[in-house]
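All figures in this text were calculated on a predicted structure; none of them were measured in a lab.
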Amino acid sequence: MGLASFLIWKYEEFSKPRNERRERQRETAGTLYEDEAWNTCLKGIHPAWLLAYRIFSFVVLLSLLTTNVVADGGGIFYFYTQ
């Protein structure tokens with residue numbers, strides 16, 4: 001939690017000068033530009049790689065879930081804590 005707090009403090013609004021904060025406050029909260037939904041905050045990662053990673057992760061997790069259901073049966077969804 002300490003590391004997360006430090007990173008938030010360093011890269012978010014707290015470390016920016018007050019006049020820069022005031023300029024950013026003119027935008028409404030929740031403003032989302034058309035390319036921000038699929039891009040990362042790192043400019044070096046192309047959105048196609050991010051999409052490929054998401055598809056690969058989905059396929060891997062779906063296969064693990066399917067394997068678990070085949071091995072243990074559909075009853076694994078009965079208890080929400082499992």
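Not counting sequence neighbours, the partners of Phe6 by the side chain to side chain contact (heavy atoms under 4.5 Å, CB included) test are Trp9, Lys10.
Phe77 contributes atom CZ, which lies 10.0 Å from atom CG of Asp72 (distance to the nearest 0.5 angstrom). Here the CG atom belonging to Leu61 is positioned 10.5 Å from the OG1 atom belonging to Thr66, to the nearest 0.5 angstrom.
One hydrophobic cluster, built from ILVMFWY side chains closer than 4.5 Å, holds both Leu64 and Phe56.
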